[in-house]
Structures are given as structure tokens and as C-alpha cells.
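The first residue in the sequence is number 1, and the count goes up from there. Numbering of ligands and ligand atoms starts at 1, following listing order.
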Amino acid sequence: MTDTLTNLILLGPPGAGKGTQARMLVERFGLLQLSTGDLLREAVANGTAAGRTAKGIMEQGGLVPDDVVLQVLKDRLSSGNLGSGVIFDGFPRTLGQAEALDAVLAEMGMKLDRAIALEVDDAAMVDRIAGRYTCAHCGEGYHDTSKQPATVGKCDVCGGTDFKRRADDNAETVRARLETYHAETAPLTEFYARRGLLSSIDAMQPIETVAGRLAEILERESA
Ligand code: AP5
């Protein structure tokens, strides 16, 4: 990597592997993962005004209003070290958010380098999400069948023994989230393709294979 910041977006439906891949990129390239889903869940847990607005919408699988999401995103961007660049995980999700992101990055003297679409079959996503759980201590992600800790019940990363599942990871909400994705977010691939910023990866491949493809793209970007 060079000294230049590399900022990228991970696009893809619920369960595509955005969070899984973002965490691997953080480790490998020192990027900052910025997940609006995580920021909103934190706001819900802390009972902030943003969290109170977001809670019911997230439970229904809809989209939290752009102004609320943008505020939590800006607060996070202005509060810390951006590492070697930022991975926007689950943001933007609407055209309005995409345009706002350009403005926010320009204000900070930065730009978007690449949007990467993780392409998957919807039918497989309900299983991926229903089987998902994370370490309650460090947030490392696991799956009942495709990615279990090396020692059952013990997190590979921090050794924690408590795990949790998300409130919106039930079949009904997952279907609503998939519908929302196709109606509101999928058109963004065309938006970024027109600007010559889009790369696509077959994210039905194993996690390590997808990670390898992402690393290739990132190394090309930062060469
Ligand atoms: P968010 O938290 O962003 O959830 P999401 O987009 O639905 O995505 P997920 O976190 O479910 O999936 P992922 O792609 O990260 O997959 P993961 O890596 O975990 O958003 C939640 C809610 O917040 C939204 O519904 C909305 O209400 C609100 N929100 C968030 N951002 C917003 C915004 N910008 N605007 C408005 N509202 C917003 O992988 C899933 C599982 O699959 C894991 O168990 C993993 O181990 C496994 N897995 C991953 N990759 C593979 C692979 N290649 N092969 C096999 N298994 C795999």
C-alpha cells in the first residue's frame, strides 16, 4: 500500500459477506471498517435519538432515513483515525446517500476509489443469515455450518465464550431486507458502473477465495 488513502464501498444484499470481508481487509490492509448497520445497532443499544428512530425500521427490514444514517456516519468519520482508508460496509444504500457520500468525502479532501459488488444468489442468503452468529466480545463473525470456531464454543480471535445472534436475522425480516435491497440499493451498481468505479466479485465462492479477489483489486488500486 502507498501513503494514499484507499476508500472503497462494499455493495451487496444481506448475507453477501460485506462484514466478513471488511473485517479481513481491516486486518490485511489497515483500513477502517465503517458499517452503518453496526453504528445504528450501537445507537439502538445506547438509546440515542438516532437509535430510537432506527429501532423499529431495522426490525421490519426497511431503510433508516438518509439524514439519520448520514449523521451517525459523519460523527464516526470525524471522531477517529481513518487508517489507510475507509471501507464503507452497507453504505450507501440509496442514491441520496451515494451523492451525500461524495460530498462528505470531498469536504474531507478525499474521494471514493472503488465500489465492489458482492454478487450472490438470493435463495442462499436466508440460510447464510439464519446460521450467522458473532462473538459477543470482539464481534468476530461465524456461521453454524460454513465458519465455526476451531474450538467449539471459543472465539478464534479473542478466546471469548459468549456468542450472540442479531434481532433482525429471522426469515421474515431477511426476506423484507432482500426486497428493500433490490428496490433501493441494487440500482447503485449502475450508478458506480457509469462512473467507471465498479468491480464485481462472485461472492458465492468460499470466503477465502472472495477475500483473495478483493485483495487483488485493492492492491491494484493502491499500486
Ligand atoms: P446491516 O447491518 O448493514 O445488514 P445487511 O446489509 O442486511 O448485511 P448483513 O450484515 O446481514 O450481511 P453481510 O453482507 O455483512 O454478511 P456477513 O459478512 O455477516 O444493516 C442492518 C439494517 O440496518 C438494515 O436492514 C437497515 O434497516 C439498517 N441500515 C444499515 N445501513 C443503512 C443505511 N446505509 N441506510 C439505511 N438503513 C441502514 O455474512 C453473513 C453470514 O454468511 C456469516 O455467517 C458469514 O460467516 C457467512 N459468509 C460470508 N461470506 C460467505 C461465503 N463466501 N461463503 C459462505 N458463507 C459466507
Side-chain angles (χ1 to χ4, degrees), residues 9-26 33-44 50-51 53-74 76 87-98 100-101 104 116-122 124-135 139-149 156 163-186 188 201-214:
I9 293 170
L10 290 184
L11 288 168
K18 304 181 294 295
T20 303
Q21 296 298 334
R23 280 186 291 278
M24 294 169 86
L25 289 172
V26 167
Q33 175 189 9
L34 217 159
S35 155
T36 43
D38 286 348
L39 292 175
L40 290 168
R41 278 184 287 281
E42 196 179 303
V44 171
T53 304
K55 187 172 187 294
I57 298 169
M58 293 172 80
E59 284 167 359
Q60 301 288 318
L63 287 186
V64 175
D66 287 356
D67 59 331
V68 174
V69 178
L70 274 165
Q71 195 54 55
V72 296
L73 180 97
K74 283 184 188 170
R76 178 64 188 88
I87 309 163
F88 294 94
D89 160 7
F91 180 92
R93 270 170 143 99
T94 62
L95 192 55
Q97 290 181 13
L101 177 61
V104 169
I116 303 174
L118 300 181
E119 296 184 333
V120 289
D121 296 337
D122 268 19
M125 293 306 103
V126 177
D127 172 59
R128 268 201 194 176
I129 292 176
R132 166 173 66 182
Y133 60 99
T134 54
C135 171
E140 179 67 5
Y142 296 100
H143 189 273
D144 289 332
T145 51
S146 65
K147 189 191 169 202
Q148 298 185 55
D156 295 341
F163 296 87
K164 60 180 182 183
R165 291 180 194 257
R166 266 169 48 181
D168 60 347
D169 281 355
N170 58 77
E172 192 185 341
T173 310
V174 172
R175 275 193 288 274
R177 284 158 59 196
L178 284 166
E179 276 175 28
T180 303
Y181 173 81
H182 286 291
E184 307 280 348
T185 308
L188 290 184
I201 297 179
D202 173 5
M204 294 305 290
Q205 303 176 93
I207 290 172
E208 293 297 341
T209 310
V210 177
R213 285 281 299 113
L214 267 166

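If you look at Val69 next to ligand 1, the close heavy atoms, those under 4.0 Å, all belong to the side chain. No part of Pro92 comes within 4.0 Å of ligand 1, judged by heavy-atom distances. Contacts of Met204 with ligand 1, taken as heavy-atom pairs under 4.0 Å, are absent altogether. For Pro13, every heavy-atom contact with ligand 1 shorter than 4.0 Å involves the backbone, none the side chain. Contacts between Thr94 and ligand 1, counted as non-hydrogen atom pairs separated by less than 4.0 Å, are absent for every part of the residue. Residue Ser146 touches ligand 1 through its side chain alone, judged by heavy-atom distances below 4.0 Å.
At under 3.5 Å, a nitrogen or oxygen of Arg128, whether backbone or side chain, sits near a nitrogen or oxygen of ligand 1. Every N/O-N/O distance between Ile129 and ligand 1 stays at or above 3.5 Å. The shortest N/O to N/O separation between Gly62 and ligand 1 falls below 3.5 Å. Ligand 1 has no nitrogen or oxygen under 3.5 angstrom from a nitrogen or oxygen of Phe91. Considering backbone and side-chain atoms together, Thr20 places an N or O closer than 3.5 Å to an N or O of ligand 1. The shortest N/O to N/O separation between Lys18 and ligand 1 falls below 3.5 Å. Checked against a 3.5 angstrom limit, the closest N/O atoms of Tyr142 and ligand 1 fall inside it. The distance criterion of under 3.5 Å between nitrogen or oxygen atoms is not met by Met58 with respect to ligand 1. When only interatomic distances are considered, the shortest N/O to N/O separation between Val210 and ligand 1 does not fall below 3.5 Å. The N/O atoms of Pro206, backbone and side chain alike, include none that comes under 3.5 Å of an N/O atom in ligand 1.
To the nearest 0.5 Å, the span separating CD1 on Ile129 from NE2 on His143 amounts to 9.0 Å. To the nearest 0.5 Å, the span separating CG on Leu11 from CG on Asp89 amounts to 10.5 Å. The CZ atom of Arg23 lies 11.0 Å from the NZ atom of Lys18; values are rounded to the nearest 0.5 Å. In this structure, CE on Met24 lies 9.0 Å from CG on Leu214, to the nearest 0.5 angstrom.
Near Arg177, meaning under 4.0 Å from one of its heavy atoms, ligand 1 places the atoms 4 (O), 5 (P), 7 (O), 9 (P), 11 (O), 25 (O). Contact atoms of ligand 1 toward Arg41: 2 (O), 21 (C) (distance under 4.0 Å to a heavy atom of the residue).
In this structure, atom 9 (P) of ligand 1 lies nearest to the protein heavy atom Arg132 NH1, 3.2 Å. Of all protein heavy atoms, the one lying nearest to atom 12 (O) of ligand 1 is Gly15 N, 2.9 Å. Regarding atom 35 (N) of ligand 1, its nearest protein heavy-atom neighbour is Gln97 NE2, 2.9 Å. Atom 31 (N) of ligand 1 has Thr36 OG1, 2.8 Å as its closest protein atom, hydrogens excluded (heavy atom only). Nearest protein heavy-atom contact of atom 15 (O) of ligand 1 is Gly19 N, 2.9 Å. Distance from atom 53 (N) of ligand 1 to its nearest protein heavy atom, with residue and atom name: Gln205 O, 2.8 Å. Nearest non-hydrogen protein atom to atom 20 (O) of ligand 1 is Arg93 NH2, 3.4 Å. In terms of protein heavy-atom proximity, atom 4 (O) of ligand 1 is closest to Arg166 NH2, 3.2 Å.
Using a non-hydrogen distance threshold of 4.0 Å, Ser35 does not register as a contact of ligand 1.
Of the charged side-chain nitrogens involved, none lies within less than 4.0 Å of a carboxylate oxygen, so that Arg175 and Glu179 do not count as a salt-bridged pair.
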Evaluate Lys164 against Asp169 for salt bridge (charged side-chain N to carboxylate O under 4.0 Å, His left out), listing each step before the verdict. CA-CA 11 Å; Lys164 60 180 182 183; Asp169 281 355; over 6 Å; no
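Remark: Glu119 CD is packed, more than 12 non-hydrogen atoms of other residues, nucleotides or ligands lying under 6.0 Å away. No more than 12 heavy atoms of other residues, nucleotides or ligands shown are found within 6.0 angstrom of NZ on Lys55.
Residue nearest to atom 51 (C) of ligand 1, selected from Leu39, Leu10, Ile207, Asp89: Ile207 (by heavy-atom distance).
With Met58 as reference, Val64 is the one residue of Leu63, Thr53, Val64 to meet the side-chain contact (heavy atoms from CB on, under 4.5 Å) rule.
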